[in-house]
Each structure stands twice: as structure tokens, then as C-alpha cells.
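Here's the structure we're looking at; comments come further down.
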Amino acid sequence: MTPLSIAFLPLTDSAPLVVAAELGFAEAEGLALNLIRDTSWATVRDRLVYGQVQAAHLLAPLAVAVTLGLSQTPCAIAAPFKLNDNGNALTLSAEFAAALDPRPSNRIDDPIATAHDFAAAIGLHHRKPVIGTVHRFSSHALMLRYWLAYAGVNPDRDVTLRVLPPSLMTEALRAGEIDGFIAGEPWSSVAVAEGLGEIAAVGVNIWQRGVEKVLGVRADWAAANPDTLDRLVRALDRAAAWCDDPANRAPLAEMLAQPRFVGQPAPLIAQALAGRMPLRPGEEPVEIPDFLVFHRGAANFPWRSQALWIYSQFVRWGMVEASPEAERAAAGVFASDLYRRALAGGPTPMPGASMKVEGSIGTPLAAATHQGSLTLAPDRFFDGKTFDPEAISAYLRGLGA
Amino acid sequence: MRIAIIDESGLRATILEEGLREAGFDDIEVVPPTGAFVARLERMAPDVVLMNLGSPSRDSLEEMLAVSRVLARPIAMFVDQSDDAMIGAAIDAGVSAYVVDGLRKDRVKPILDLAIRRFHAFSRLQAELDEARTELAERKSIDRAKAILMESRGLGEPEAYALLRSTAMNQGRRIVDVTEALITAAGLLGGPK
């Protein structure tokens, strides 16, 4: 058995790691996983960068940021496997949400109208709205910025984005310190269940296949331990498939509910797994297909174009200076080559390309593959824009950046 | 040199602050990571910020370091990236440090060394406290269980204790597990408490 330490944060999308460790998928590959639960992304990052763990549950943009030297010690990170797509929700206080469509399901179904309503509500609110985000380099923060900017909101000027640990979001909302937050599950479900807020937008309706968490390893470790990494990716591939099977939702929710993992009630965790969530306290759950995707449609495949989309947003918001070197380094973080090597010859279908025009698939599309048959799910952005990774400057000009 | 200690544990902060003062640092402020701690730090403009690695507020602090001018140009965690042993020791001890750029390595190292030692001292103290607390709770539980047995079965104290002990041994359980079960059962049955 090869021992491997992996740092994670108590979130529903740590599921593939938890399942790999708990249900024998890692053991079958000769790996003994030691999962280390942390309370901040900074500490997960430090453990990975300084070699206290070999792998980590990471925000995809943080993996890119660490590689580009934007988040403390620069360190080349490789993400050979995405742990999930989607899974975020924006929860607003009832007071702020009152300015939006009175029916919560209309809000999430029509993110264009909701973005405009949000923009209009800013001036009427008693203060500049304070929205909690979990990290500057989180998928959630990038998605919120993208969505608000569509309606003419400057996220650096018109709202205050306040970084808070997910576990303190609900308390901050209760205390009125923030007017809402965008975070991964189970935190929106917890806030709604406790009567603190209403879900006003969901990630899947902003970008149908939004990049979320990745498995992050140090690039030098990946190069020195190819066999161990391949085994880890194979274990996670099986574990993610298990997580995505509707028959396994109940046991998965029970498993994650344990205090050593997520530590929140199983029924609340199950809502996101099933994509059936109440949007307002006391109301019936609403169906949100693909709210959280663990495996289907090659969800785990690290498209280099997705890393480049993240990079484009860093450039857009002035977090990094555009340069060919930075662009190359960012694209390299999503290690589709390592994914291919690990899963070659297995049952998981493998896309033939490593880049695609993000946002261009409107209806399920049969894709060219190296193995198996693969249908790519629609990956539209809510504003209908497409991201061509070969033409980033043109894309940014189109966004008015 | 101005040092900020961000900590939610009063005890750990005190232990660290005392150590730093003994070592001759006298410009120290302890800031709990709650409410407007960011604004307070901004006013302080510290040269070094020490923080527990396990604090969930590290991301909030780093955001502040990224957008504000608290530290003129903060560098992360460690002064000398090549000093792997030091970095490992700091992470093991649960210390994170943010240091203003340009501060000489030999001036920062003693602070970090001291923080590491003091964090370890705190962990030991914490473990001892936990142990003492558990021991006290267990003794109370055993006393209550003995009282229940003495009253309901008319036993003397040594006999009541012997019965608890032999039950625990026969069932391969800890005596405190047996006493907790007995107290719960007695409560349910409405018997003596």
C-alpha cells in the first residue's frame, strides 16, 4: 500500500475523495489515503505547496493562481482530474432578495433578468451590498463577477466582495454583516434551512458546465511519481462514477454527514446531490438538473480551455498581467495528458481533443473520442457568449474589458 | 518591530505574547479574527502577523493583504523559502506568519522559532487540560452511577464500585461507558438520579 495524504475542505464536492478513501476504490489501486480536513483554502494550499500532503481538494482558479504566483509562494500545480462541475449557489438575505422576482424559481430560471434586478437593487439598498465569497481565486467569485458584470455592475466598485470561510457565512448572514453569499454546498442549503436567506442564482444556470474543484498535486511530484498519480486518478474516476449514480445518493449523503467529513445533516447534503433544493425557507424543493455533476459527460476531464477561461477572467479583473508565458502556464495546469495516461484503456470515455470552444454546445453533442462513446452536455454561458481559447484578447474585448 | 497576533484562543495568544515580551519584543497586539479585525489591523500596520494555521479566517486575512496596504508588501508564511526544516516545523506546530518584505531574515527567524515553541507549549497544555477535564467528567459519572446502585440495590459504596468494574470487564467496555449507560437508563426509568 502506498500512503498518500490529501487535504480537503468540508464541502459536498469533496465526495469523490471521501468515497475513494472510504469505499475501497483507493485500496483497490494499492493506495492508503489519509484525508486531512482543513478550515481554510490557505492552509490546504500551504500543505500542498510545502509538501505536507501529496494532493489536495482545490478550487480550480486557486490551482491556476498558485501556479502563476498570485497566491503566496509560487508553485507549479498540476490538476489531472476535476472533482466536479457546478454545485454553487448565490444566497441572499430576504431583505435584499425582495427586490428580485417574487417567485424564487423564476429568479434561478432567468439569470439575465435576475442580474438586472440585482443591479437595480444596489442603489435602493441601505448600504453598498456586501456579498460573501470564499476566496478571491474561487470559481464562485469568478462566476459572480461574470454574472454581475453582464448587468453593468462593476464588482470591484458597486458591491463589496468579502472573503469569509464557508463555515462562517451563515453566521455572518444571520448577524447582518453580509447581504448574501456565493459558496459551494451544503452552505446555501444550510442557510435556507435555518431561515437565513433565499437562493437567487445557481452556478449551473450561469455556466452550464462550470469548472469547480480539482484534484491538485505539485507538478514536480506528478513528474516524480507517475505510477502513484495514475493509480490515484483511476481510484477517483471510479469513485466519481459511484458518486454520480442516483442509487448511491442516500448512502453518500450519510457518509459525508459524518463530523470528520462535512459535518452537516444528511438531508441537507442530499438536496444538492439530487438537484432538488428548496430556494426559500419552508418552500417545496425545486428541480435543478445538473446542479452538481461528479462524472457524467466527461465531467472529470481537465479541458485546457477551461483553465484558460479562468486565466481570461484573471486578466479581465486585473488579477494578472496578460502575457504569453502566463497564458501557457495557466493552460498547463489542467493536465489533460495525465488524465489520458491514467485512464487509457479503461471504461471512461475519453475526449479526442484537449481544448474546445467553451459555451458552444447548445444541445447534447456526440464527441470524437479515443475510447468509448461520449456525449458532451450543453455548456452554454447564460449570456450566450462563447470562449475561444485561441482568441482570448478578442474574447476580452467582447466583454468590454 | 510591530507584531500582530491574530488568534481566537485567548490562552494561545497569551502564551505567545508572553514569550515574545520575554524575548524583548514590546510592540505586540492581539487581535481576535472577528468583526472588523481587518480594519483594526490596517490601523496597526504591523511588520509581522502571526496566525494559527488552523484558523478558518486565514483566507480573509490573505484577501486583506491582497487588496489593502496593511503590510507594504507582504510575503507569505516564511521568510526563507529554502529553509524546508523551518517551514515543516512551523506547519507541524500550526503557525503561519506573514512578514513585511525587506525585513531581514535574521530578525524574523527568532520570532518564528519562538512562535513554533510557544504553539507546541500551548498544544501540550491544551492536551493536559483536555485530559484533566475528561478525568473530572469521568469521576463525576462514576460517582453518580455508584449513587444510583447504592440507592436502588441497597449496596455499599465499595460493592457498587466493584459491580460497575466487573460489569465493564465482563463486557470489555470502559467503566465510564457502563456508568453513562446506567445513568441514561436510570433517567429513562425515572429512578434515582
Side-chain angles (χ1 to χ4, degrees), chain A residues 5 7 9-10 36-53 59 62 65-66 69-75 130 132-138 140-141 155-157 160-172 175-178 183 187 314 317-320, chain B residues 6-9 32-42 49-68 70-71 73-101 112 115-116 119:
Chain A
S5 293
L9 239 51
I36 298 174
R37 186 182 194 261
D38 273 315
T39 57
S40 73
W41 290 112
T43 297
V44 170
R45 175 203 64 207
D46 290 341
R47 284 193 203 281
L48 181 66
V49 169
Y50 296 117
Q52 283 230 327
V53 295
L59 297 159
L62 184 57
V66 171
L70 306 178
S71 184
Q72 305 295 347
T73 308
C75 176
V130 185
T133 71
V134 298
H135 200 280
R136 150 177 300 258
F137 300 118
S138 64
H140 331 59
D156 290 310
R157 181 195 63 200
T160 301
L161 299 182
R162 194 169 148 204
V163 170
L164 283 171
S167 55
L168 298 186
M169 285 299 181
T170 50
E171 283 320 301
E177 290 172 18
I178 56 176
W187 297 105
F314 287 1
W317 302 117
M319 295 164 172
V320 71
Chain B
I6 306 180
D7 208 320
E8 50 276 278
S9 155
T34 50
F37 81 100
V38 165
R40 209 174 138 190
L41 267 182
E42 269 173 321
V49 178
L50 294 171
M51 191 175 198
N52 167 24
L53 202 70
S55 167
S57 296
R58 280 193 69 208
D59 290 329
S60 302
L61 175 73
E62 288 197 359
E63 174 68 10
M64 178 196 69
L65 296 177
V67 298
S68 85
V70 178
L71 303 185
R73 199 178 167 286
I75 58 166
M77 279 296 275
F78 306 109
V79 192
D80 180 4
Q81 298 302 340
S82 60
D83 193 345
D84 283 349
M86 164 76 99
I87 291 169
I91 294 182
D92 283 340
V95 177
S96 66
Y98 298 88
V99 182
V100 72
D101 199 12
L112 214 53
I116 291 169
F119 265 58

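Below, chains carry the letters A, B, ... as their sequence lines are ordered, and counting in each starts from 1. Bear in mind the structure is a predicted one, so any value in this text is a computation, not a measurement.
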Worksheet item: Is there a side-chain contact between A/Q52 and B/D92, using heavy atoms and a 4.5 Å cut-off?
Response: yes
Discussion item. Testing the basics here: between A/A42 and B/D59, what is the closest heavy-atom pair and its distance to 0.1 Å?
Written reply: N-OD1, 2.8 Å
Practice prompt. Kindly say whether B/L53 contributes a backbone atom to a donor-acceptor pair with the side chain of A/T43 at under 3.5 angstrom?
Written response: yes
Worksheet entry | Backbone N/O of B/S57 and side chain of A/S40: donor-acceptor pair under 3.5 Å | no
Fill in: Shortest non-hydrogen contact between A/L164 and B/S60, atoms and distance
CA-OG, 3.8 Å
Item to complete: List in chain and number order the residues that pass side-chain hydrogen bond (donor to acceptor under 3.5 Å, both in side chains) with B/R40, two or more places apart in sequence or in another chain; answer none if no residue qualifies.
Response: B/E29
Response to the item:
To the nearest 0.5 Å, atom CZ of B/R58 lies from atom CG of A/D46 at 4.5 Å
Practice prompt. Kindly compute the distance separating CD (A/E177) from OG1 (B/T34), expressed to the nearest 0.5 Å.
Written response: 9.0 Å
Discussion item. Heavy-atom pairs under 4.5 Å with chain B - which of A/H135, A/R47, A/R136, A/R162 has more of them than the others?
Written reply: A/R136
